[in-house]
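This report refers to the structure that appears directly beneath it.
Positions are given from 1 along the sequence.
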Amino acid sequence: MTLESLAINTIRTLAMDAVQAADSGHPGTPMALAPLAYALYHRHLKHNPADPAWPDRDRFVLSAGHASMLLYAALYLSGYDLTLDDIRQFRQWGSKTPGHPEVGHTAGVETTTGPLGQGLANAVGMAIAERSLAATFNRDGHAIVDHMTWFIAGDGDLMEGISHEAASFAGHQRLGKLIGFFDDNRITIDGSTDLSCSDDVVARFTSYGWHVGHVADVNDLSRIDAAIAAARAETTRPSLIVVRTHIGYGSPNRVDTAKAHGEPLGKDEVALTKKALGWPSVEAFHVPDAALQHWRTARDRGAVAHDEWRRKLIAYAQAAPDDAKEFGRRMHGDLPAGWEAAVPAFDQSNGNVASRAASGIVLNAVAASIPELIGGSADLSGSNLTMVKGAPAFAAVTPGGRNFFFGIREHAMGAVMNGMALHGGIIPYGGTFLVFADYMRPAIRLAALMGRQVIYVFTHDSIGLGEDGPTHQPVEHLSALRCIPNLLVLRPADAAETAEAWRTALKHRCGPTALVLTRQKLALLDRTRCAPASGVARGAYTLLDCPGEPRVVLLASGSEVQVALDAQTALALDGISARVVSVPSHELFARQDLAYRNQVLLPGVPRVAVEAAHRMSWYHLMGERGIVIGIDRFGASAPFQKLYEEYGITATAVATAARSLIG
Ligand SMILES: Cc1ncc(C[n+]2csc(CCOP(=O)(O)OP(=O)(O)O)c2C)c(N)n1
């Protein structure tokens, strides 16, 4: 067996053995793709196993995340911080080798994949980030940002609709430094792809504007090398290399079968496969010394590449010291000093503004001080108010542009933003109507799971959008978003709270934030009477008390804070003292200590909450007797004032509920 074959078969046997030991997992695809992983990690990727966070490393995404043993084996063998024992612990509690790759958990894993198609779109986002940073920082003779983004996708990734959106966007953007591999094994879980799919992948990607290459047999390393060379030479189009593989390669009885996808081979078949591969040992997890030594030269190659980049960076720092400092800041993820001074204050001179309009004003005010804040909208720029005025579009001809036209591709927008955030150096934001958060929910969930800073600008946040009717009126969305762990949902009540919401979102570095904003105008709350909007940072705060001990606490978010204030006035006329609490974020409030929460909620005092949305997410705040006034059915098409009336989102309803509680 050649040294190369030995090195490749080490992946295959580790994958078989790990899945066998765990009695769960996906052996067949790592076995099939072993030569490609070898070619990438040993020859083509610019990476340094000793420093998985090196800014100018190539990014690699295993979009077919179920084939995680392919990645774990390649990472362990090429010398990342992963041991053979970690491989033995595949899929076990607390191990570094969970079922699907998890970023921040396993050295060398660039993203959390699992939901098919997301990884491909993440890779598009990473390539976008690379291009944006290169355009911003590279100077003549000093290319400090110059790396490739790679992905491996399977049939599942390409069947998922998100792959269409992401690939179409990548083609349009002419992302020449993006190279993907399509694992063309023609098998999915249910059996042959003939059961469900007859796409012409080549025609599809060609039509998106991709260069398409071919490798007829994944075991032919020279063909892989040649296809990669051709893809690299193609600098103005992304590349997809279609690689014919055979799932379960080497297994006499499982090759080319769906059984090879997600089941252990079984002890006997593992033995037969090792024999068929000419493997030198029957021991599980056997790693031949020669193979490991050969693999580990990846470290030397990595150190050389990394050193070369360090030298480039030193030269750059001499030529452009301020730029070098700024590059360091951005890649380190620090916000620029003094940026908060740019957050605008709002007063009555701004008049009544919709919170979406206030959001646009804040964005434009902070944009100059936070250049890493880049993003746009899924074809609703004029509605979401996500454009930075005067800045160019991000496009192939203007790669330094900061306004993104994602097109009508919410699903990809979410995942592309994840890729941009994962790359580092960028804080991405993206807008659409709140109701279409559903179209990007998978990516939102992953941003939350990965703990990445992504900002969603969700406008048209309730029946308050009026005439577009029930298809466009979110009802269940606030509750549905609030139950995603590690997602901050912020629904500001006026322009001042909107500024604070942006401030909070920008400071929230370890997870995504959804800004939930109105279409309709909101009155600016009178801060000479009300508490300052800085209370937003605590999630909920006492906005306004009436004289005397409060006999009821009125809770509200966003546009319904005014409804609560009006109810407070009505109750005061009856001599009932009510407190109004603005609740822009349930999640932030839940993080406050008990003393603060009690100080705001006044245990023992009855509560009424009002929000033009499904009631579900409020009950944890309501105590035993609280009443929630919300909407548990779909909206309707009418002017918004009429809708509020018809749906009972009124001060009268709040005051009536309060009286009923007080008795
Ligand atoms: C969005 C999503 N749907 C379903 C699954 C479950 N799933 C995991 S792998 C797979 C089949 C994928 O087939 P393919 O990409 O051909 O992988 P291969 O069989 O080649 O390993 C499915 C349906 C998933 N991970 N993500």
Side-chain angles (χ1 to χ4, degrees), residues 343-346 350-367 373 375-389 391 403-406 408 410 413 417 428-440 444 454-469 471-475 477-478 481 488-506 512-525 533 536 556-563 582 584-585 611-613 635 639-641 643-644:
V343 178
F346 290 88
N350 296 94
N352 293 349
V353 284
S355 48
R356 64 174 170 141
S359 165
I361 294 170
V362 179
L363 171 67
N364 274 276
V366 300
L373 182 63
S377 165
D379 202 47
L380 290 169
S381 309
S383 297
N384 305 142
L385 300 166
T386 40
M387 295 267 280
V388 172
K389 291 185 186 108
N403 283 318
F404 276 64
F405 294 92
F406 287 107
I408 307 103
E410 296 85 359
M413 177 172 75
M417 289 197 290
Y429 67 89
T432 185
F433 292 156
L434 177 60
V435 78
F436 304 136
D438 285 345
Y439 270 49
M440 51 196 297
I444 298 174
V454 176
I455 299 175
Y456 311 108
V457 180
F458 291 137
T459 69
H460 297 58
D461 70 348
S462 74
I463 52 165
L465 67 86
E467 294 82 352
D468 266 338
T471 60
H472 281 49
Q473 289 163 351
V475 173
H477 298 75
L478 275 164
L481 288 172
L488 273 192
V489 180
L490 282 156
R491 186 166 185 252
D494 72 346
E497 280 200 7
T498 306
E500 294 310 308
W502 263 104
R503 190 198 304 277
T504 305
L506 286 163
T513 303
L515 301 174
V516 176
L517 307 164
T518 62
R519 168 181 186 254
Q520 73 275 28
K521 287 186 176 175
L522 301 174
L524 190 73
L525 300 175
V536 168
S557 85
S559 38
E560 286 70 66
V561 168
Q562 188 59 55
V563 176
S582 175
S585 169
E611 188 174 66
F640 80 90
Q641 298 89 340
L643 289 169
Y644 270 75

Scanning both residues in full, the closest heavy-atom pair of V561 with A493 reads CG2-CB, 3.5 Å

CD of E410 to CD1 of I444, rounded to nearest 0.5 Å, is 10.5 Å

The residue among D461, L385, L490, V457 that forms side chain to side chain contact (heavy atoms under 4.5 Å, CB included) with L517 is V457

The reported gap from CZ in F640 to NZ in K521 (rounded to nearest 0.5 angstrom) is 10.5 Å

Original post:
What's the verdict on side-chain contact (heavy atoms from CB on, under 4.5 Å) for V435 and T471, showing C-alpha distance, side-chain angles and the deciding distance?
Top reply: CA-CA 8 Å; V435 78; T471 60; over 6 Å; no

Scanning both residues in full, the closest heavy-atom pair of N352 with L524 reads OD1-N, 3.9 Å

Exactly one candidate in S355, S582, S559 meets side-chain hydrogen bond (donor to acceptor under 3.5 Å, both in side chains) with R491; the answer is S559

Counting C-beta onward and ignoring hydrogens, is there a side-chain heavy-atom pair between Q473 and S462 closer than 4.5 Å? no

Would you check, one step at a time, whether the test side-chain contact (heavy atoms from CB on, under 4.5 Å) holds for T504 with T513? CA-CA 9 Å; T504 305; T513 303; over 6 Å; no

Exactly one of I408, N384, T432 clears side chain to side chain contact (heavy atoms under 4.5 Å, CB included) with D379, and that residue is I408

So OG1 of T518 and CG of L434: to nearest 0.5 Å the spacing works out to 11.5 Å

So, S359 and T498: side-chain donor and acceptor under 3.5 Å apart, yes or no? no

Closest non-hydrogen atoms of Q520 and G464, given as atom of the first, atom of the second and distance, are OE1-O, 3.3 Å

Taking atom CZ of F436 as the centre, does the number of heavy atoms from other residues, nucleotides or ligands within less than 6.0 Å exceed 12? yes

- prompt: Quick one: does M440's side chain get under 4.5 Å of Y456's, heavy atoms only?
  reply: yes

Paired with F346, the side chain to side chain contact (heavy atoms under 4.5 Å, CB included) test is passed by just one of I361, L525, D494, namely I361

Rounded to the nearest 0.5 Å, the CG atom of L373 sits from the OH atom of Y429 at a distance of 6.0 Å

When rounded to the nearest 0.5 Å, the distance separating CZ of R356 from CG of L515 is 15.0 Å

Across all chains, not counting sequence neighbours, the ring pair (Phe, Tyr, Trp, His ring centres under 6.0 Å) partners of H460 are F433

One should read off an interatomic distance between L643 CG and E467 CD, to the nearest 0.5 angstrom, of 8.0 Å

query: Can a donor-acceptor pair be found between the side chains of S383 and R519 at a distance below 3.5 Å?
result: no

Sorted by chain and number, sequence neighbours left out, ring pair (Phe, Tyr, Trp, His ring centres under 6.0 Å) with F404 holds for F394, F406

Heavy-atom nearest pair, S585 first then L488, reads OG-CD2, 4.2 Å

Scanning both residues in full, the closest heavy-atom pair of D438 with H477 reads OD2-NE2, 3.0 Å

The salt bridge (Lys or Arg N to Asp or Glu O under 4.0 Å) partners of E497 (sequence neighbours excluded) come to none

